[in-house]
Structure formats: C-alpha cells, structure tokens
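Quantities reported herein were computed from a predicted structural model and do not represent experimental measurements. When reading the values below, keep in mind they use all heavy atoms of this one structure, side chains included, and skip hydrogens, waters and symmetry mates. Read the numbers this way: they start at 1 and go in the same order the structure lists the ligands and their atoms.
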Amino acid sequence: MSYTDKMLRDDALKGKVIVVTGGGSGLGKAMTKYFLELGAQVAITSRDLEKLKTTANELETETGGKCLPLQCDVRHYEEVENMLQEVLKAFGKVDVLLNNAAGNFISPTERLSANAFDTVIDIVLKGTKNCTLAFGKHWIDTKQSATILNIVTTYAWTGSAYVVPSATAKAGVLAMTRSLAVEWAKYGIRSNAIAPGPFPTKGAWDRLLPGDLAEKFDMAKKVPLKRVGDHQELANLAAYLVSDFSAYINGDVITIDGGEWLKGAGQFNLLEAIPEELWDQLEMMIKAKKNK
Ligand code: COA
C-alpha cells in the first residue's frame, strides 16, 4: 500500500451531488476527479468556462462520471445563486459544497493597492461567504442535510508575511467554518476545513514561486517528512470529509502538511541543522558543566 493509493471504497460517494468551486484546474480538479471515481456527480465552477469544459470532458472520459461545467465568479452573489439553480436543474439536488476557489499572490503588503487587497479578500472570503450563504439558505429551506468543506491553509492561524490578504481571508473562512458548524448543525449541515501544506500545482507554484524561486526555496526542505504532498493524498482526505464516513466530524480543520507549520513554530526546531558528531560534543560539554 502507498500513500498515493485511492483510499475509499468505489461507491463511497454514490448518489451525492457535489459542487467544487475552482474545480477547473489544480487541486480542485484532482479532488473532482476522485469524487467522480467514487460515484458522485460533480459541478465544477470558475470564471473560465472554456477551461471548465475541457476539464469536464477530460474527467468524464477518464472516470465515466458526470461532470457539469458552470461559469461563476464567486465574488458576485447573483452569479452564485444562478449557479446553484443550474446545479439543481441538472441534478435535482446538491449535497456538498467544496469552497476551493482562491486567489493569491506574493507581495510586500505596502506595495499592494487597496484594490489588490480587496481582490483576494473578495475571492477567498466573500466568495466563500457567497457560496455558503446561498447554499445554506437553500438547504435550510428544503430541509436537506448537507456538508460544507472549505480549503484553508495553515497560515490561517499562524498568519504569514507576504501573503497578508490571503492570510486575512483564510482566517475568516476558518472562523466561518467553526461558527457554522455549531449554528447549522441543527439543520443537518456539517462544516469542516482542510489546511493543506505544499501540494504543488502549476497555477499556484508559478504564481507564488515565480522565476527560479521554486528552486531557491525548495518547499520539500521545509517539511519534516522531506517531501511535498501528492494530490491523491488531499483527494483522499477531501473525499472522506464529504462522505458519510465522517458523519461525526463537524467544525474541525484537518492539517495535511507533513508537519510543515509546526516545524516553523517550535522554538528549538532549528537545531535539526546540528549533525550527529556535533551532538556528541555538545552532550559532553553540557555534562561536563553539570559535573563541575
Ligand atoms: N502583485 C500586486 N498586485 C497585484 C498582483 C500582484 N502579483 N496581481 C494583481 N494585482 C492587483 C492588480 O494590479 C489590481 O489592482 P489595481 O487595480 O489597483 O491595479 C488588482 O490586484 C486586481 O487585479 P486583476 O488582475 O484585475 O484581478 P483579477 O480578478 O483578474 O485576478 C487574481 C485575480 C489577481 C487573484 C489573479 O491572480 C487570479 O485570477 N488568480 C487565479 C487564481 C489563484 O490565484 N489561485 C490561487 C492559487 S494559490
């Protein structure tokens, strides 16, 4: 068995209708593919309809499942409401909302225009709010139990320099996840989040580590497990969290980062750079002092 294997049984998502925002590429596409393989019907949304159509065709051919491409800019509430209506028209219901669409870029904060800051907040926080509110109202009105899964990041709670709009927005999404987990549980709506560490995708990597930065800052080196994540590992976790196997998990954020964020946090973690021989000398020095 390997961590790149598919985890759940083949019919784990049979009968479920799932909406994946930002499902046309990257991690959204990887999760969509696995949901289709597990028997779900999936609507993928983004601003770029042509890209969505190409992805939907590719995934339908590969999996034999049903994938519906829908244009929707999550920043605009009326577009989200229209998207929901299209999903209901096509599939008759919706069981899962995966808030995956995001926008991000690296920059010293003082170099950002007010509009640049807003753009990221609008996609990540307002977009997640728009989808969550529209779908939540529908589920509550129709008395349908459902699941919300939000993709956040470990810097939602640590904060991170140079991606301040994203950190600010993701912190809001995490607060929304935990708040609604309690408030909407009475309607049978679960809310959870995943905080992924480095899972390379072309889009995010080109954007966040442009030029030769990807070589200069080898993300695998920051991870105690000394590797980046495999897309299937994230898809396995997401499929579990939207499936009924996780029916008792509500309000949690599950970190999948090989220990990356904790490595940055522990005060003495930098001592990892000390080689074995030096530890021998240090031990002798420390013990010698104690014996004086
Ligand atoms: N650094 C600083 N400012 C930037 C920037 C950067 N790298 N990229 C865009 N901006 C600014 C623009 O200058 C503009 O501000 P201004 O009007 O004051 O000049 C503002 O952000 C909006 O840019 P625009 O290109 O009009 O926005 P958009 O809605 O078309 O694009 C982005 C949204 C900027 C997030 C774009 O990168 C995008 O669509 N990304 C795709 C999804 C994504 O980022 N996924 C996340 C993977 S981690």
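When the shell of 6.0 Å around NZ of Lys143 is examined, it contains 12 or fewer heavy atoms from other residues, nucleotides or ligands. Atom NZ of Lys222 is surrounded by 12 or fewer heavy atoms from other residues, nucleotides or ligands within 6.0 Å. No more than 12 heavy atoms of other residues, nucleotides or ligands lie within 6.0 Å of CD in Gln267, so this atom counts as exposed by the packing criterion.
Only side-chain heavy atoms of Ser113 come within less than 4.0 Å of ligand 1; its backbone N, CA, C and O stay farther off.
From the protein, the heavy atom lying nearest to atom 11 (C) of ligand 1 is Ala116 CB, 3.5 Å. Thr119 CG2, 3.8 Å is the protein heavy atom nearest to atom 27 (O) of ligand 1. Protein heavy atom closest to atom 48 (S) of ligand 1, with residue, atom name and distance, is Ala204 CB, 3.6 Å. Among all non-hydrogen protein atoms, the one lying nearest atom 1 (N) of ligand 1 is Phe105 CD1, 3.7 Å. For atom 37 (O) of ligand 1, the closest heavy atom belonging to the protein is Arg207 NE, 3.6 Å.
Checked by distance only, ligand 1 and Asn115 come closer than 3.5 Å through their nitrogen or oxygen atoms.
Taking the ring centroids of Trp157 and Trp261, they lie under the 6.0 Å cut-off.
The distance from the CG atom of Leu149 to the OH atom of Tyr240 is 12.0 Å, given to the nearest 0.5 Å.
Side-chain atoms of Phe199 and Val228, non-hydrogen and from C-beta on, never get closer than 4.5 Å to each other. Contact of the Phe35 side chain with the Val96 side chain is not registered, since no non-hydrogen atoms from C-beta on lie closer than 4.5 Å.
Within the 4.0 Å heavy-atom cutoff, Val120 does not count among the residues contacting ligand 1. Contact analysis puts Arg47 in contact with ligand 1, with a non-hydrogen atom separation below 4.0 angstrom. Residue contact check for ligand 1: Ala102 places a non-hydrogen atom closer than 4.0 Å to it.
Using a 4.0 Å cut-off to heavy atoms of Arg75, the atoms of ligand 1 that qualify are 29 (O).
Of the possible polar contacts, none joining the Thr63 side chain to the Lys33 backbone as a donor-acceptor pair under 3.5 Å is found.
Shown here, atom 21 (O) of ligand 1 is in close reach of the protein: a heavy atom of it lies under 4.0 Å off. At a distance under 4.0 Å, a protein heavy atom can be found next to atom 44 (O) of ligand 1. Counting protein heavy atoms under 4.0 angstrom from atom 24 (P) of ligand 1 gives zero.
Contact record, Val253 with Arg178: CG1-NH2, 3.5 Å, taken as the closest heavy-atom pair.
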